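Below is one structure, written out as structure tokens, with a few remarks after it.
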Amino acid sequence: MTSSPHQLTRRSALLGAAGLTLVGCAKPLTDGGTPAAGVSSGQNGEPATSGEGATAITISTAHGLDAMWPNEPIDITVENGTISSVAVTDASGNQIPGKVNATQWTPDRGALDVRSSYTAEVTAQDSKKRQKTVTASIATVNPALVVEVDFRYADGVAVGNGMPIWVRFDMPVNDDQRAAIEKTASVQTSPVQEGSWGWSDNTTLFWRPREYWQSGSTAHVEVQAAGLPAGDTWIANNATADYLYGDLRVMVTDIDNHSLACYQNGALVNTIPVSCGKPGLETMIGTKVVMEKQSPVVMDSETFGVSNSSSEGYKLDVYWAQRLTWSGEYFHAAPWADADHGYRNVSHGCTGMTDANAQWLYGFTQVGDPAEFTGSTFPVQAYQTIGCWTYSWADWQSQSAL
């Protein structure tokens, strides 16, 4: 974990008071003779003395009780006794599941929440089985920035069956932090389907099934990563979502034969004559995903450096457009090339068709539907589309941090 200079300065000032050491007696004393706070009496009200042989309990963290890092353990030291129990509760009184390993308590999910308050209660007993209990107030660090977690395309509307579960982090996650985060992520699918997590980039974690989602699938996903390190700070929140999938629709474009076959739940429902990218501007092969739908959309060659006034330039209002890559490949209506659909590839990389066919396809598809392309020599790269399907199953599994 790296920190800003401000954080280091503030935390270093706390290191001198990083622990709370209390003696479990009815009237404990500090070195100066002042009664210490937060200590209960012994079992059945029996007091213990602060003299030789009294049980003493120390509760501390590496960065202090007032600025604890949420992913670090709570340290517990007991003199003249052994730990009987440890209970950590949040500000609402809810007990945090955790375990004691020798002299440390750690939460089961790997971290507490950032910017939060807790109470740690430790009970120890001496050789005569007399129990002493100490409580300590703990506050986790309050950083200036935190990483927030949410989901894309999990808004209660059915999506296409090539859409992965999409976990999004609003700031980059370092390579060495990803495994701990991924361990907190879980998916329940109906029907049950084999799948795997994989990192698409430093802000995106996908889960996809081995094959496209089965028709009518649902998925419930949880990421319980609050308090874990991410970048130079910590994750702020846990997150849950539900995904809905409808019929399995797959579009298969044969670039060489200028045709687009449309399947629904395995049955061929339409074949559309198309024109794809011409030589030098070939349409990419591989599996893409319908990313967004818009009609009309302005297509402007100057967005990729070609003047509108050049022989290859254009600026057009294009209808029934469905984005397939970030770089600008679409399904769309191309009435200026009606004579070429089904015969020649004349586009700048998009898959064009008649107005009527483009409108039909626009109504047939959903965002998230897979679109497979064969026939050229330029494979689409994962970063150019919703790229989890650009990998073989074995290669996709290797994208997991676990």
Side-chain angles (χ1 to χ4, degrees), residues 160 162 249-264 267-381 383-387 389-390:
R249 290 172 298 275
V250 182
M251 279 65 68
V252 181
T253 301
D254 185 332
I255 296 171
D256 290 339
N257 289 316
H258 320 293
S259 68
L260 166 58
C262 303
Y263 295 87
Q264 184 170 8
L268 179 65
V269 295
N270 200 358
T271 301
I272 297 173
V274 296
S275 177
C276 295
K278 61 187 175 182
L281 294 169
E282 288 88 348
T283 302
M284 292 180 285
I285 60 171
T287 301
K288 307 160 193 175
V289 174
V290 175
M291 304 166 76
E292 63 179 354
K293 300 168 69 172
Q294 186 177 358
S295 184
V297 63
V298 176
M299 293 191 177
D300 186 348
S301 63
E302 291 191 350
T303 61
F304 57 92
V306 178
S307 172
N308 297 151
S309 60
S310 74
S311 60
E312 294 293 340
Y314 55 87
K315 185 174 182 180
L316 299 168
D317 289 332
V318 177
Y319 290 85
W320 314 116
Q322 303 186 60
R323 180 186 288 273
L324 301 173
T325 70
W326 297 117
S327 57
E329 287 192 5
Y330 285 78
F331 290 135
H332 66 75
W336 54 87
D338 279 353
D340 300 300
H341 302 322
Y343 300 101
R344 287 170 293 278
N345 292 324
V346 298
S347 81
H348 291 79
C350 290
T351 301
M353 60 203 77
T354 66
D355 282 336
N357 283 330
Q359 184 174 4
W360 179 91
L361 185 65
Y362 195 92
F364 175 70
T365 62
Q366 286 183 312
V367 169
D369 283 343
E372 302 173 1
F373 287 77
T374 63
S376 79
T377 58
F378 297 97
V380 64
Q381 302 300 306
Y383 69 87
Q384 294 174 306
T385 185
I386 300 173
W389 302 104
T390 64

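When a residue number appears, it is its place in the shown sequence, counting from 1. What you see is a predicted model, and the numbers here were worked out from it, not measured in a lab.
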Residue pair Lys315, Val298: steps toward the side chain to side chain contact (heavy atoms under 4.5 Å, CB included) verdict | CA-CA 7 Å; Lys315 185 174 182 180; Val298 176; 4.1 Å; yes
State, to 0.1 Å, how close Phe373 and Phe331 come at their nearest heavy-atom pair, and which atoms those are.
-> CZ-CE2, 3.7 Å
Rounding to 0.5 Å, atoms CD1 (Ile272) and OG1 (Thr354) come to a distance of 7.5 Å
Would you find a donor on one side and an acceptor on the other, under 3.5 Å apart, between the side chain of Glu329 and the backbone of Met284?
-> yes
From the list Lys288, Gln322, Arg249, side chain to side chain contact (heavy atoms under 4.5 Å, CB included) with Asp369 holds only for Arg249
Taking C-beta and beyond as the side chain, do Asn270 and Trp360 meet within less than 4.5 Å on heavy atoms?
-> yes
Between CG of Asp254 and OG1 of Thr374, what distance do you get to the nearest 0.5 Å?
-> 4.5 Å
What distance separates Phe364 CZ from Leu361 CG, expressed to the nearest 0.5 Å?
-> 7.5 Å
Locate the shortest heavy-atom distance separating Thr385 from Leu324; write the atom from each residue and the value.
-> OG1-O, 2.9 Å
Where does the angle between the aromatic ring planes of Tyr330 and His332 fall among parallel (under 30°), tilted (30 to 60°) and perpendicular (over 60°)?
-> perpendicular
To the nearest 0.5 Å, how far apart are CG in Asp340 and CG in Asn345?
-> 9.0 Å
Which pair of heavy atoms, one from Cys262 and one from Met251, lies closest together, and at what distance?
-> SG-CG, 4.1 Å
With rounding to the nearest 0.5 Å, note down the distance linking NE2 in His258 to OG in Ser275.
-> 7.5 Å
First locate atom CE of Met353, then atom NE2 of His341, and finally report the distance between them rounded to the nearest 0.5 Å.
-> 8.0 Å
Please name the pair of heavy atoms, one in Ser376 and one in Thr283, separated by the smallest distance, quoted to 0.1 Å.
-> OG-O, 2.7 Å
Do side-chain atoms of Glu282 reach the backbone of Gly280 as a donor and acceptor pair under 3.5 angstrom?
-> yes
Aromatic rings Trp320 and Tyr362: how do their planes relate, parallel, tilted or perpendicular, breaks at 30° and 60°?
-> perpendicular
Glu372 and Trp389, any side-chain heavy atoms less than 4.5 Å apart = no
Is there side-chain contact between Thr390 and Gln381, with heavy atoms separated by less than 4.5 Å?
-> no
Closest non-hydrogen atom pair between Ala321 and Met299, with its separation | CB-CE, 4.5 Å
Between Asp317 and Pro296, which heavy-atom pair has the shortest distance, and what is it?
-> CB-CB, 4.4 Å
Is there side-chain contact between Pro273 and Asn357, with heavy atoms separated by less than 4.5 Å?
-> yes
For the side chain of Arg344 and the backbone of Ala339, is there at least one donor-acceptor N/O pair under 3.5 Å apart?
-> yes
